[in-house]
Structure formats: C-alpha cells, structure tokens
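Comments concern the structure below.
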Amino acid sequence: MTSPAQRVDAMGPRRGSVGTVARFLLPKIGQALFVVWASYTVAFLLIHALPGDPILAALAVRGGDATTTDPAVLDELRARYGLDGPLWQQYLGGFFGIFRGDLGVSIATGLPVSETILRVAGPTTALAGFALIVGFLIALAFTVWAYLARPAWVRNVIVQIPPLGIAVPAFLTGLVLITVFSFGLGWFPASGASGFASVVLPGITLALPTAAIFFQVFSAAVFDAGASPFVFTANAKGLSQSAVVFRHVLRNAMLPAITIIGLQVGYLAGGTAVVETVFSRDGIGRLTVDSVLARDINVLMGVVIVVATVYAVVTLVVDALYGVIDPRTRTALAGAKPISAAKEVRT
Amino acid sequence: MTSVPLLTVRGLRVDYTTPKGTTAALRGVDLDVDRGEVVAVVGESGSGKSTIAHALVRLLPEEATIAGGDIRFDDVDVMSLSQRALRRVRGARIGFVPQDPSHSLNPVLRIGEQIAEVVRRHLGLTPPAAAARAVEILDEVGVPDPAQRARQYPHELSGGLRQRVLIGIAWACNPELVIADEPTSALDATVQRHVLDRMQAMRAAHGTSVLLVTHDLGVAADRADRIVVVNKGEIVERGASAEVLADPQHEYTRRLVAAAPGLRSRRLEPSGGASRAVTEASEPFLRVRGLSKTYGSTGSPIVAADDLEFSIDRGTTFAIVGESGSGKSTTARMIARIVESDAGTITFDGADITRLRGTALRQLRRRLQVVYQNPFGSLDPRMTIGAIIDEPLRAFGMGSRGERASTVRDLMADVRLDPALAARRPAQLSGGQRQRVAIARALALRPEMIILDEPVSALDVSVQEQVLQLLVDLQAEHALTYLFISHDLGVIRQISDEVAVMRRGVILEQGSAESVFAAPQHDYTRDLLSAIPGGGVAAG
Amino acid sequence: MRLLRYPGMIVSILLLAVTALAVIAPALLAPYDPYESVGTMRLAPPSWEHLFGTDHLARDVFSRVIYGARLSLSAAGLAVVAGVTLGAVIGLVTGYLRGVVDAVVMRFVDVVIAIPGILLALIVVASLGFGPVAVGLGVGLGTSGAFARVMRAQVIRVRAEEYIEAARTLGGRGPTILVRHVLPNAARPIIAMAALELALAILAVSALSFLGFGAQPPAPEWGALVSAGRDFVATAPWLSILPGLVILAVVLAVNRIARYVGGER
C-alpha cells in the first residue's frame, strides 16, 4: 500500500509500479472472463430451460416429414453433437471446450463451429469496423455543428436529425440504398462481400444507428461540458473559439463517449444480422440467422461466445485506456490522495 | 486623477426569454468603476447582480439577451466589439473570477497549463516561458509548492486552492479590471477570508480595479470602496461603503443591513411581547455523554464525533457551530437517532434513548423532531403542501380526516403561511416558504424539542431573518427546546443561548453565547469570529 | 389544450389513433381482404385504387399493412410488458436489499445488457420455435436488463432522498414509506422508459419478422411484408419501402409521445 503521507507531488502519473498496474488490470481481466462465462451460462440456461428438444427441432427443419424417431439413431446424433448425457456435463464440457477453441459441431452442416465462424469473421469485421468509424465521424460532425449553431431553433432542428438513425429500420435503409445506388445509379453492388465497394452500402446502413447512439452520448456530454463553469472560465480567459471547443469542450466530452464503444460492438454484432441478410453478404450475422432458421443451437452458442469475447476484450481495452486518459482515475491509480482542505487553511 | 472612469455602464437592460415568456433581469443599470477602485455589487439571489457581471464581458447564458444600454471600457465600446475582438479583451484586459471553484477549472487539464494558456494567448509567450510564468503566478497567489502544484489536476486541490488558481488566471495578464462573481460564497468562512485577503493583495500590487459581486453585505463592507445595491434588476442605492451601511437610504437596503447576521450582535426576541418560558429545572432536558462516531473502519478513519459532552436545558437553544467536515451534522443525526452512535449515551427528559428501537423509537419521534437544511430535498416533490404537513398526523393516526385538515390549517397559520398554499406542490413555493412547510410539519406532532440542521443556510439573508424570527416566536409560544446546527456564527448569535464550537469531531469550547462571542477561549473560535465579514463595520 | 402547441405531438397522436383503430378493427380501415387476390393485377404500382400497390399474388398491400398492425404491435406490446415486469421486479428487489444479492444479480444484468438484444431474442426463438409470441418474449428479455438497471437506480436514489429520511423521523413505517414515497417517485422514469422501449420493440419485432422468425405466411406482419417485397426490389421497390415507411412513422410517433411523457417538450 502506498501510504497517504507519501509526497503526492513527486508521484508522476506514469510512475505507478508494476504492482499498481496489476492491481488495476487484474480485476478488469477477471471481469472480462466473467462476462464470457456469464454469457455462456445465460445462453445455455435459456436454450435448455425453455421447452423443446433441440435435436428434434433441428432434424425437423432438415428432414421435414421424413424425420427419424428411432431412439437409437437419435441417441447417436445427440452424442455426435455433444447434446448427450446429463445437463451439467454438457454445460461444463461446453465451457471448458471454449478454452481449447472447441465450440462443438454444427448440427446443420457437421462442420466444427469454430471453423464455420472463423470463415465468415473477416467480412463482418470489415463491415463493423467501417460502420464504427463512419458512425463516429457522423456523430462528431453533427455534435460540433449543433454546438456551434445559432440561434437556438437551428440547433434544435439539428439535434433532431441523428436520432432518426435509430428509428429507421435497418432493412428499410438498406433497401432504399439498394434501390437508389445499386439499381438506380449502379454505383455500388447490391450484394456480395468482395472488395471495398461491397462494404459501402451495408456499412452506411449499419453506421446510421451507430451514429445515433454515439451522438446521444456525445451531444449530452458536449452540452453538459459546454454549459459547465469551466467552459465559462475558458471563455472569460479570452481563448479563441476553436481553443474553447477543442481543448475544453470536446476533450471532456470524449471521455464518456469512449466508454460506450464496448456497447457499440454489441450493437453492431446484432445489427449485422439484418444488414447482412438484406445485402446477401456472408458474415457472422447471416450465419446467426441461418443457424436459427436451421435450429442449429451449437452454432448459435458459438456466436454468443464469440460476440461476448469480443465485447469483453473491447471493454477491457477501453477501460484500460480510460484509466490512462482521465487524470482523475490516473491519480487514483498512482495511489495519490487530494490534499485536504484542513492542510490549506494553515498556509 | 482623470475624471473619465475605467468602466462606464449606462442604461443596461438584459432580458431572459423562456418558453413562458420574457422577463427583464436588468432594467436600466448605470454603473461606474474608477481606476484602482473596488466597487461591490450587492443583492440577493435573483436580484440580477450576477447578470451584471456576465453582461459586462458579454458572456450571458443563451436565453439572455442585452436589450439595450451602453458599456464603455477604457473608451472602447464593448457592445459594438466583434466576438473575435472581444476575445482579445477578455482575460487580457478584463479578468474574471467565477463563483464556483470546484467546477470552474477544466478537470482534465493540469493547473499550470490552464494558467499558461492565458499568457500564451494574450502575452504571446512561448510554451516554456508560459509554463514558467504559470509557476510564478501560482506562487504570487499563495499556492504552496507552486512548481509541483502546476503539474497537478484540479481534483487534487482543495476548494480554497482552486479559487486561488482562478484568481491567478484572472490576474495573469495584469488586467485593468477584474470582475469577481461571488468569489467566495462556496467556501468556508475561514477559507473565504484568506481568499479575499489574497484578492486584496493582488489588487494592491497591480493597481487593478475590481468589481466585486456578492450577496454578503459584510464582505462588501470589508472589501469595497463603494457599494451598489441591486434589487429586482435595478440599482436602488449607491454610495461609499461606510455611508451606505451607516445610513442606508432605500428601504430595501435598510432591510438588508438589518438582516445581515454579521452586522448585528443581539439575540432575537420573540415578537408580540411574549416571553420565553425557561423553566428552572435541576435536570437538563437533553444530556449527551461520551458520544462518539467514526466512519470508515480501515484505511483512513474519519472521526465525526469524539467523546462529546453537553446538555441542553428545557426551552433553550443550544447551537453547534463548525465548518464543513466538523462533524456537527453527524452529531445532530445521532441525537435524532437517524445515525447510530459508536459509543456514549443520549438522555432525553431523563430517559436513555441511545438504543431505543421499534415502537419506543417511533414514540420518541413525537417528542423530538428534525428540520433539514435543504428545503428542496426534504419535501416529497409529488405531494401537496397540505399532504406533507398532514403526513405525521396520519402516521400517528391523530384525529379524523376533517380534524386533521383543520390542524393543518392551524399549523400553516402558526408558521405564517397562507392556507391557500395547501393545494400547491413544493416546486411552486419559494425557498423560505418551503422551509416554513418543513417547520410546520415538524410542529405537527407538538414536539418538545426540534433539531434544526442548518435550517436557514440555503436561504437569502432577508428570508433567513424572517425564518429565524419565526423560530424564536415558536419557541416562546410552544416552550420548545432547540438544537441548532450552523456554520454561520452570525446566525448563531441571533438565536442561541449556549454555543459549542466543533472542529474535526471535537468540541473545542462551549459556554453561554455571550461569553463565547465576547471572550472566545480557543484560537479557532477567534479565527471564526474574525472571519465573519463585516466585523470591522459592526465594531466601528 | 396545451398539447396543441406542439405540432409534432398532434401528428403523432393522430397517427397512433389510426394505428390503434387498425389494431382493434382493421376491417373498418382496410379496403380489401388481406388474404384474397383483388384481380389479376400483380405487382401493380401504387394508385388511388391500391395505395401501396399489389403484391406478387395480386393482394392489396395497403390492406395487408392495416391487418399487420395487430400482429406487429401486440408482439411489441408483449415485449415491453415482459421487459418491464421482469426488470422492475429485479430492480426493486436488488435496489431494496442491496448487499450480496444486489452485487451478484446486477453483474448478470450487466451481461444481459451487453449481449445484443437481437441475439438474446434469437436464442429464445431458437428454443421456443418461431412466431410472434416467441419474438415478443425474446425482445422483452433483451430489454429487461435496462429496466432492471433503471428501476434499481431509481429505488436507490429515492431511498437516499432527504424526504425519505424525513418521513422516517416523522414516524412513518417502512412499508408505508415504500408505497407512499419510494414507488411514486421511482415509477415515473420507468413509465417514460417503457414508452421509449415500445418504439424500439416495434423495430426489433419487425426486424425479427423481416428475418423470418415471426408470424409465418400468409399472415401479414410488418417486417414480413417488407421481406416479401425484397424479391422484387429491382422492379417494384414500393412493395418493401412503403410498409417500411409505415413502420418508421409509427416508431417516430411512439417515440415523440414517449419523450413527451418523459417530460421533454
């Protein structure tokens, strides 16, 4: 423990020892592991607690009326897909499989789930990355525009625009974009996942709700910061408009905005299901939809685990970054304490 | 000296536009500040005094517009300056010390940088030179270890230190005028004095003119050459500080002077000639022995109360005075049995109430009531005033619905509230009215003792005075015993019989109000007394 | 009336009134039978006779949209009711009890919030089978986490208010205080949030039905109508886009009213 009496002033923010960094990071790593475990558990409980036999449901989709009811065949199938034995065994087996990279076998195709997901991860990553960046930029542009806009009614109009991004169904945006830019103007392909051009339309479709969410947090933070006394001080100091906006307003507003990137990843993972279907594009979202259509719970579980892992890792990175960026947590990290008022009275 | 003032304001009018319509915040204000002069603008909340300060540098909130008038600063027409030109005047020639030190510094920039960016911008210093200058400025405003402090962030500094940093920023470019908007109202009394001393020193060293905006007539009297009194957007009185205080001309100023707690030295007497019924009992009504409380077991424990001993006679007022963190509120809450004490005993009318619980504790509530500091937080926003006052009657099943309604009317009359307000909700009442509601509610069960936790500190001085007078009258009418908690010695002087001075959980001294005020024994008490603004005027 | 000062509110209320009528008595609004062909005009463009045109089976799309309101909105309503109920119970209990229960349960709630809502809904659909009820329950489960968090925060906030402490010093008993002070003060944000979530639930339900997990053909559900038109997007884009615009309009109207309920003007 750092003693409170230790000289605060001499402690540079980056002087935290390996021990302090570990104390800061270890709980967060634990949290990330917890998220993966809990997601797996929640999904497992949902699938097995709700009525219905997964293997029968899957076979019904695959075989139609010709579904076998021979118990011996069913048992063999259950064993092949890891759905045999008592529930707790399935639960533990599935969980420990994660650490070996083994997510089971797809009921629909018989291929390993991890391989199936890995094959479509690339296009989805490209799509989500594009949407995240474009969404961020749109939100930033609207926020600064709205902050500087005068008079008040103009700004009130501007702030109404980005939230539309979340109210418009993604399939509607996608279909309108296809109608105009693929069939109408012929600028971009209407489907497929090859080349940068194929990312643009689905990427924009996905970027609009992403921008709406970013804007919500940005604008709240920017208007909060803008109305705060320290921005008044900055103006009273006679700083230039750009210095006030960039050094004082945006710098503070970016902090809360960073924290939602983790949640955005989750949102994007969900959003890809619709967008990839609309644009007939290979990817994790479409794989999820297909696995549900085939009642292929093994692939579905795999997707849940992969999404939870990505979310957990992103959150971990964002948390760690936040700790470095925000001086308030940085001080806490270094073990320093604010000097008490009592100390100052005597000076 | 030249006859042209540094700052001339003529006919300044500011309107606030809300969805409900337009209200005039300033209705034609004339104001002059000469070179090297300190002018205080004094008024209560809502008077428009802060609007004057903000309008001078044209930094009003968006819903406010300058509807007319002239502002000339050193022969520059401020009203006709472009925003760009204005940004060259602010900070360079007109400094500004804002009200709230805890939020007025950027939380993610280092202290030194926040000073350095001003001198870089207006004096054109190179970054290293500006950084060095920032350290010098910190030293000049009395921040210890300036070089190390410059590398810290605002949250690592106390409120008083932050306000010094803001003073440093205001004076960084050696401006001709500094506008200080309630610079110390968020600080404890002793810290307030240090900060004001520092401002005075800066003013003397640089020959700056200062426009000091304050609600505190005492502060104005101590620090300003001239006083301007604002009420409802108009200047009602102006003149040299001593003259305004000694011989106020306007009726509003007279009320302010009469109400200013620091400027008077007597205990309020019940109005209407009633006398206080102090029964000469051998046994004190409330006795506290060895009362202790520590928060936070491991690490760095905070001692809120350490072995407290005192007793209160029936029908008298016992006051505990202390600054924030002294433990005075915790003490009140332990006696009210809201917070559990660690050790010690509390005896109420001969019975030990330290560990009462269940029905016995509920029955104690009928005899011992609490009024809180914040009249905004202690009333349920969704209930009507009538229902709020009725609540304790209902809880104890006192009378039928009709009987209770008439009791509520009586109680409202008791606290001089119009019974027509019974149908309103707390948000529709003023702060003073709300506190009267809280007092009426506390009186509903006809208690024998009331614990008053900073009951007037959220109110304007003239309202403070009225509420204190009400408390004194009620004490006489109902033979009430008060435990009165306050940080404000001026208020305490108006209401208490016995006083205890607390700091960091310890009672430093206690005794009759006269003796503590006339002959304080402890250094800290003397410090507190001398920190009361306006002390000099009252003595002279 | 004060409402009339907000033109957006008037439009929203009118639109929702029409939508409500479509839910209760679609036959009053729909000019044609939603399941029967109205002639031989397949894929006809919008006209006065067929406002939204006709589909590949020559059915009147406008009538199908009117009839679809009931399925789509009841699934969304089910989602909100399920989400509020589950969330409010969790939030009340954890906010009231605090301690270990709170810590453990809220960690799980965090995770439920982190898993994308649509993925949770898909898991439920995969186990329960397809249909509007499964979709509604699935979407509701996805929103329950947020409700739980807000309810808990409200309970904790209100419990810390000075007027709660005041009520206790005035001799109020625990349950009385909970009912008279805590619940009324905690409920308002929940109601406002439920209204907002209804808009999101309509979106989520229509997305799932677009993906084919809702009511099965030929039942008319909004998302499914858009999906059915997709095959003809190159030649008859209005088939998808007009029903899509109806969804958008209803979502915006609900959202506007929800913000009004939440105190925004």
Side-chain angles (χ1 to χ4, degrees), chain A residues 1 3-5 7-13 147 149-153 155 223-244 247-255 325-332 334 336-347, chain B residues 54 57 59 61-63 83-84 86-92 94-96 98-100 102-110 114 117-118 121-122 142-145 147-149 151-161 166 169-170 172-173 179 188 190-191 194 299-300 323-325 504 527:
Chain A
M1 279 288 288
S3 99
R7 289 292 309 189
V8 172
D9 318 303
M11 298 272 298
Y147 181 73
R150 295 289 182 280
W153 68 266
R155 185 175 55 221
F223 286 111
D224 250 28
S228 68
F230 67 80
V231 169
F232 179 91
T233 308
N235 277 313
K237 281 168 162 181
L239 301 182
S240 67
Q241 169 109 320
S242 61
V244 173
R247 289 175 61 87
H248 291 274
V249 177
L250 281 184
R251 213 176 153 127
N252 275 279
M254 282 305 112
L255 283 174
I325 295 172
D326 188 341
R328 282 158 291 193
T329 48
R330 204 156 61 196
T331 318
K337 286 210 165 88
I339 289 175
S340 72
K343 218 169 173 179
E344 181 235 335
V345 171
R346 279 177 260 128
T347 58
Chain B
H54 293 186
V57 285
L59 274 177
E62 202 170 320
E63 58 274 21
Q83 278 296 332
R84 188 179 288 268
L86 202 55
R87 288 180 184 276
R88 289 281 169 195
V89 174
R90 292 182 198 141
I94 304 180
F96 201 105
Q99 178 166 10
D100 177 4
S102 51
H103 299 112
S104 290
L105 289 167
N106 189 335
V108 301
L109 285 184
R110 293 171 199 272
Q114 298 195 46
E117 68 177 349
V118 196
R121 163 134 174 111
H122 296 300
V143 171
D145 305 327
Q148 278 137 1
R149 290 292 184 178
R151 294 178 48 235
Q152 291 189 321
Y153 290 93
H155 69 275
E156 296 171 82
L157 271 59
S158 68
L161 280 186
L166 287 159
I169 289 174
C173 301
I179 299 168
D188 274 338
T190 47
V191 182
H194 290 297
S300 49
E323 297 187 294
S324 50
R504 284 176 228 153
D527 215 21

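Every chain is numbered from 1 and lettered A, B, ... according to where its sequence line falls, protein lines coming before strand lines.
- Proximity to chain A (any heavy atom under 4.5 Å) is shown, for P107(B), by both the backbone and the side chain.
- Using a distance-only test at 3.5 Å, with no hydrogens or angles considered, a donor-acceptor pair links the side chain of T233(A) to the main chain of S104(B).
- Summarising the geometry of Q114(B) relative to K237(A), their closest heavy-atom pair is O-NZ, 2.8 Å, with the distance given to 0.1 Å.
- H122(B) meets the ring-ring contact (aromatic ring centres under 6.0 Å, His included) test with no other residue; sequence neighbours excluded.
- Of all the listed residues (Q83(B), E117(B), R88(B)), the one sharing the greatest number of non-hydrogen pairs under 4.5 Å with chain A is E117(B).
- Aromatic ring pairs are classed by plane angle as parallel below 30°, tilted from 30° to 60° and perpendicular above 60°; the pair F232(A) and H54(B) is tilted.
- Among all heavy-atom pairs drawn from N235(A) and R87(B), the shortest one is OD1-NH1, 3.0 Å.
- Most heavy-atom pairs under 4.5 Å with chain A: of the set V89(B), V57(B), L105(B), L86(B), this distinction falls to L105(B).
- Considering only residues two or more places apart in sequence or on other chains, S240(A) meets the side chain to side chain contact (heavy atoms under 4.5 Å, CB included) condition with S242(A), A243(A), R121(B).
- Considering only heavy-atom pairs separated by less than 4.5 Å from chain A, the leading option among D100(B), I169(B), L166(B) is I169(B).
- Closest of all the heavy-atom pairs between H103(B) and P229(A) is O-CB, 3.4 Å.
- Using a 4.5 Å cut-off between heavy atoms, V244(A) contacts chain B through its side chain alone, with no backbone atom that close.
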Verdict with supporting geometry, L109(B) and R251(A), side-chain contact (heavy atoms from CB on, under 4.5 Å) = CA-CA 9 Å; L109(B) 285 184; R251(A) 213 176 153 127; 3.6 Å; yes

